[in-house]
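Here is the structure we will look at, set down as structure tokens.
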There are 2 protein chains.
Amino acid sequence: MQSRPDARPDPSPAAHERVYRGLRTRIMYGEIPPGEALTLRGIGKQYGVSMTPARESVRRLVAEGALTLSASGRVSTPEISNDRIEELAALRALLEVELASRALPRAHIALIDRLQTINATISEVVERHDAVGYIRTNLEFHRTLYLRAQAPAMLAMAETVWLQLGPTMRKLYGRLNRKEGPHFHRLIIAALKAGDEPGLRLAVRSDVTQGLRMLAN
Amino acid sequence: MQSRPDARPDPSPAAHERVYRGLRTRIMYGEIPPGEALTLRGIGKQYGVSMTPARESVRRLVAEGALTLSASGRVSTPEISNDRIEELAALRALLEVELASRALPRAHIALIDRLQTINATISEVVERHDAVGYIRTNLEFHRTLYLRAQAPAMLAMAETVWLQLGPTMRKLYGRLNRKEGPHFHRLIIAALKAGDEPGLRLAVRSDVTQGLRMLAN
DNA sequence: TGGCGCGGACTGTGATCACAAATCCGGGCG
DNA sequence: CGCCCGGATTTGTGATCACAGTCCGCGCCA
């Protein structure tokens with residue numbers, strides 16, 4: 001599809017992949033509010049491609065639950081009900097507790113250091129009231145930990161849940177202005193250091209549940 | 001997209017939906033062996049449509065992990081490694097134990113009756129050495145139970161896992177000729193009748209794990 | 001003034017086409 | 001006898017187009 005034989009592993013990914021990644025990132029990090037309408041031609045123009053790659057990207061995101069399709073085929077970011085939020089929170093708890101538990105035996109000091117660095121960044125971002133930055137950094141914290149679990153399918157499922165919560169999370173974290181941030185993260189790090197599996201499970205469950213509980217109002 | 005104002009809710013679904021459902025069913029029920037190559041033009045011809053709907057269906061299935069895309073864009077059913085099988089089995093256990101647990105308080109006698117009917121069908125199918133029929137009926141048993149959990153997102157995730165295991169399950173259940181079938185299913189039903197939650201969790205976990213363990217050889 | 005209907009603009013869908021990369025197959029060379 | 005190269009074929013990709021359904025807003029009528 002493109003003809004550059006040189007350079008890095010993937011210097012110019014397929015157009016639909018580029019569009020997909022762009023949209024996915026924006027959705028997962030809450031840059032698009034829930035209920036926002038999107039059009040294929042609009043997306044295409046935005047990324048400088050025709051409708052075809054835009055359509056494929058949208059289809060893929062719909063399959064992952066990141067976008068919803070109205071009966072007439074219109075696409076928009078989902079507005080999810082409280083029931084669904086609770087269900088997705090339960091899924092997060094289920095999956096992420098397991099991922100953390102699997103990561104625990106492999107958590108070297110270098111990993112813990114990186115987690116603490118990310119945590120510091122979270123504090124800064126909270127200071128600036130930067131909601132999108134907060135979501136991104138928070139998810140980076142979790143992803144960094146779960147990568148150690150060596151469970152790609154499980155991590156992929158967790159990311160799918162994040163994706164579904166993306167537009168809604170923006171609304172949530174727009175609310176908390178206080179330095180609420182890294183409290184449970186510190187518990188997670190402490191449990192990792194101590195090799196305390198039950199404590200880790202509890203800390204992860206609390207961290208995941210806490211924020212989402214206040215969203216289901 | 002279609003213009004029949006009459007009759008049933010969806011008399012003529014969009015073409016890509018029809019293709020998607022057809023492929024998805026065949027994959028989930030193990031009718032396609034792992035590693036099988038598919039072509040867009042081939043799928044299109046098979047369903048009497050052009051490449052466009054075929055492409056969308058394939059893309060969607062790839063997003064769900066039901067198909068894999070080679071670096072050059074070729075599509076085929078996945079051949080999954082033992083590590084991945086174990087991970088998917090763990091996911092099944094995690095999700096389905098939770099689903100069963102949530103279904104338990106809502107499990108009336110009518111549901112249990114239906115489960116027993118399905119179980120009888122499983123015995124017949126096993127008798128006939130009908131691998132595809134076995135997979136389909138077995139999944140129907142699980143789905144019938146989990147529908148009572150009132151947790152659509154969770155059920156959707158479980159189905160995604162089934163989908164990923166589809167082509168591989170065929171190989172598995174082609175192996176077991178004996179009447180292995182409904183042993184753990186009977187334990188599940190017994191636990192449902194008794195309202196025994198720990199027993200139910202254990203029975204579901206065993207049922208899910210048992211079959212898949214012998215696959216990771 | 002308020003509700004209704006109609007028309008035009010907009011949107012998704014599916015077909016088709018041109019193109020480039022990948023794959024396959026057979027023949028020729030070492 | 002085996003390996004490699006080159007062309008023909010197959011395959012996915014993205015653009016474009018015609019069409020049908022949908023939606024929005026303006027104007028008309030009560």
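Throughout, a chain's letter reflects where its sequence line sits, starting with A, and its residues are numbered from 1. The figures that follow rest on heavy atoms only: side chains count, while hydrogens, waters and symmetry mates do not.
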Donor-acceptor pair, distance only, cut-off 3.5 Å: does the side chain of [X] make one with the backbone of [Y]?
X: B:Ser101; Y: B:Val97; answer: no
X: B:Gln164; Y: B:Ala66; answer: no
X: A:Arg102; Y: A:Ala149; answer: no
X: A:Glu56; Y: A:His16; answer: no

For this session: Check each residue of residues 55-77 of chain B for a non-hydrogen atom within less than 4.0 Å of any atom in DNA chain C, then write out the ones that pass by number, or none.
Result: B:Ser72, B:Arg74

Which pairs would a plain distance check flag for residues 71-81 of chain A, meaning a side-chain donor or acceptor within less than 3.5 Å of a matching protein atom at least two apart in sequence or in another chain?
{"unit_1": "A:Ser72", "atom_1": "OG", "unit_2": "A:Ser70", "atom_2": "OG", "d": "3.1"}
{"unit_1": "A:Thr77", "atom_1": "OG1", "unit_2": "A:Pro33", "atom_2": "O", "d": "2.8"}
{"unit_1": "A:Thr77", "atom_1": "OG1", "unit_2": "A:Gly35", "atom_2": "N", "d": "2.9"}
{"unit_1": "A:Thr77", "atom_1": "OG1", "unit_2": "A:Glu36", "atom_2": "N", "d": "2.9"}
{"unit_1": "A:Ser81", "atom_1": "OG", "unit_2": "A:Arg84", "atom_2": "N", "d": "3.2"}

[X] has an atom [atom1]; how far is it from atom [atom2] of [N], in whole Å?
X: A:His16; N: D:dA15; atom1: NE2; atom2: C1'; result: 15 Å
X: A:Gln46; N: C:dT11; atom1: CD; atom2: C1'; result: 17 Å
X: B:Arg18; N: C:dT13; atom1: CZ; atom2: C1'; result: 13 Å
X: A:Leu38; N: C:dC10; atom1: CG; atom2: C1'; result: 15 Å
X: A:Arg41; N: D:dA18; atom1: CZ; atom2: C1'; result: 11 Å
X: B:Met51; N: C:dA18; atom1: CE; atom2: C1'; result: 12 Å

Exercise. Want to settle it: does B:Leu40 or B:Thr52 sit nearer the 5' end of DNA chain D, counting the closest nucleotide to each?
Worked result: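 Mapping each residue to its closest nucleotide by heavy atoms, the 5'-most match is B:Leu40.
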
Problem set entry | Any B:Ser50 side-chain nitrogen or oxygen under 4.0 Å from OP1 or OP2 of C:dA15 |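 For C:dA15, OP1 or OP2 has a side-chain N or O of B:Ser50 closer than 4.0 Å.
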
Exercise. Base, sugar-phosphate, or nothing: which does A:Thr39 touch, judged by heavy atoms less than 4.0 Å apart?
Worked result: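 Sugar-phosphate, no base atom in range.
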
Exercise. Any Lys/Arg nitrogen of A:Arg205 or A:Glu96 sitting under 4.0 Å from an Asp/Glu carboxylate oxygen of the other?
Worked result: no

